[in-house]
**Q** 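Pasting in a structure now, in structure tokens, and then I'll have a few things to ask.
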Amino acid sequence: MISTLSFRMSTLPMRASISSVFIGKAGIFTTSTMAQLKEVPKQPLSPFFLFLNDTRSQLKAKRPDLSVLELSKEASKMFANLPDSTLNEYKAKSEKNMEIYREQMAQVSPDVLEAKTKEVREKRLKRIKIQISKLQTAMGKPKEKTSGRNLFMGEELEKAKKDSVDVVQREKFKAATDKWKALSDDKKADYNKLASDINAQRAKEMEAWQEKMKETEEMIKLQELMKKKKSLMSKLNAKSVPDEN
């Protein structure tokens with residue numbers, strides 16, 4: 001039986017050798033397509049970010065104590081007070097860059113554009129997941145539900161960490177998995193019962209945490225991030241359409 005990967009490889013142009021093929025989350029491409037991906041033009045900067053680029057070094061020199069976020073806020077205040085003539089110059093430059101961008105994008109093939117869109121979304125999704133994880137940790141979110149298998153695997157991996165420091169993690173995980181499969185039904189039942197008791201306690205902790213955090217700024221921000229995560233995952237599973245900024 002021909003595997004999905006083998007079938008997809010067979011549909012590539014004959015002139016593409018094995019060494020000229022790249023396999024990524026967005027699909028399978030030749031190195032020629034990958035080169036095209038790198039050449040996809042970046043969306044031009046808005047008037048504010050053009051101004052920020054022009055003033056960042058000057059502002060940083062005056063206020064080296066400012067963080068990146070604080071510097072951006074300070075630049076935002078300056079931008080809001082720009083005279084109309086200067087503001088219009090930045091707007092005109094941004095609009096001109098956008099015209100060039102649209103002309104360049106019209107030359108990009110649909111396949112390359114779709115692959116680039118997926119690549120951008122994958123990176124954005126990764127950043128959002130990291131933000132969610134950090135925010136949940138800062139909010140003191142209780143642990144998620146577990147399982148008997150997870151409890152057993154955790155114990156075995158902890159033992160392996162102490163007993164065999166030279167063994168790679170992948171091999172440790174496989175060894176623990178094999179031990180779980182070989183475990184008797186009675187032993188598995190014991191771990192499952194323990195997991196059930198732990199989950200009952202964690203459910204109470206989660207309910208109390210959600211009630212405590214309800215309507216807080218942190219929870220509102222977390223919910224917004226979760227919506228973005230869900231939206232991106234939905235788009236990644238659908239036909240790619242360029243995102244709007």
**Q** Between Leu222 and Ile220, is there shared hydrophobic-cluster membership here, with clusters defined by ILVMFWY side-chain heavy atoms closer than 4.5 Å?
**A** no
**Q** Under the 4.5 Å side-chain heavy-atom rule for ILVMFWY, direct or indirect, which residues accompany Leu52?
**A** Leu45, Phe48, Phe49, Leu50, Phe51, Leu59, Leu66, Leu71, Met78, Phe79, Leu82, Leu87, Tyr90
**Q** Do Met206 and Gln210 have side chains that approach each other closer than 4.5 Å (heavy atoms only, starting at C-beta)?
**A** yes
**Q** In chain order, what residues pass the ring pair (Phe, Tyr, Trp, His ring centres under 6.0 Å) check against Tyr191, with sequence neighbours excluded?
**A** Phe152
**Q** Does Glu207 have any salt bridge (Lys or Arg N to Asp or Glu O under 4.0 Å) partners at least two apart in sequence or in another chain, and if so, which?
**A** none
**Q** Let me confirm one number: the NZ-CG distance from Lys134 to Leu225, rounded to the nearest 0.5 Å.
**A** 12.5 Å
**Q** Can you pull the ring pair (Phe, Tyr, Trp, His ring centres under 6.0 Å) pairs that have at least one residue in residues 98-137, sequence neighbours excluded?
**A** none
**Q** Going by an N to O cut-off under 4.0 Å, is there a salt bridge joining Lys73 and Glu70?
**A** no
**Q** How many angstroms lie between NZ in Lys118 and CG in Asn237, if you round to the nearest 0.5 Å?
**A** 9.0 Å
**Q** Please output the side-chain donor-acceptor pairs of residues 178-187 that fall under 3.5 Å, not counting sequence neighbours, one pair per line with the distance.
**A**
residue	atom	partner	partner atom	Å
Asp178	OD2	Lys174	NZ	3.1
Lys179	NZ	Glu156	OE1	3.1
Ser184	OG	Lys187	N	3.2

**Q** Do you reckon Met105 sits in the same ILVMFWY cluster as Ile100, going by side-chain contacts under 4.5 Å, direct or chained?
**A** no
**Q** So, does Asn199 use its side chain to make a donor-acceptor pair with the main chain of Ser147 at under 3.5 Å?
**A** no
**Q** Taking atom CE of Met139 and atom NZ of Lys212, what is their separation to the nearest 0.5 Å?
**A** 10.0 Å
**Q** Tell me which pairs pass salt bridge (charged side-chain N to carboxylate O under 4.0 Å, His left out) where either residue lies in residues 214-231, with sequence neighbours left out.
**A** Glu211-Lys214
**Q** Measure across Asn97 and Pro44 and return the closest heavy-atom pair with its distance rounded to 0.1 Å.
**A** CB-CB, 3.6 Å
**Q** About how many Å separate CE of Met98 and CD of Glu95, when rounded to the nearest 0.5 Å?
**A** 9.5 Å
**Q** Which residue pairs pass the salt bridge (charged side-chain N to carboxylate O under 4.0 Å, His left out) test when at least one of the two sits in residues 193-206, sequence neighbours left out?
**A** Lys193-Asp197
**Q** How long is the straight-line distance from CD1 of Ile132 back to CE of Met226, given to the nearest 0.5 Å?
**A** 5.0 Å
**Q** State, yes or no, whether a side-chain contact exists between Val108 and Gln104 at a heavy-atom distance under 4.5 Å.
**A** no
**Q** Does Arg63 have any salt bridge (Lys or Arg N to Asp or Glu O under 4.0 Å) partners at least two apart in sequence or in another chain, and if so, which?
**A** Asp65
**Q** Going by side-chain heavy atoms closer than 4.5 Å, which hydrophobic residues are tied to Ile130, directly or by a chain of links?
**A** none
**Q** Assess the residue pair Gln131 and Ile128 against the criterion (side-chain contact (heavy atoms from CB on, under 4.5 Å)); give the C-alpha distance rounded to whole Å, side-chain angles, the decisive distance to 0.1 Å, and a yes or no.
**A** CA-CA 5 Å; Gln131 287 178 297; Ile128 288 176; 4.0 Å; yes
**Q** Of the non-hydrogen atoms in Ser94 and Pro47, which two are nearest, and what is the gap between them?
**A** OG-CD, 3.5 Å
**Q** Measure the CG-CD distance between Leu232 and Glu122 for me, rounded to the nearest 0.5 Å.
**A** 9.5 Å
**Q** I'd like to know whether NZ of Lys188 has more than 12 heavy-atom contacts from other residues, nucleotides or ligands below 6.0 angstrom.
**A** yes
**Q** For Glu144, give me all partners under side-chain hydrogen bond (donor to acceptor under 3.5 Å, both in side chains), at least two apart in sequence or on another chain.
**A** Lys141
**Q** Write out all pairs satisfying side-chain hydrogen bond (donor to acceptor under 3.5 Å, both in side chains) with one or both partners inside residues 74-88, taking only residues at least two apart or from two chains.
**A** none
**Q** Show which residues join Phe173 in its hydrophobic cluster (side-chain heavy-atom contacts under 4.5 Å, direct or indirect), or state none.
**A** Met153, Leu157
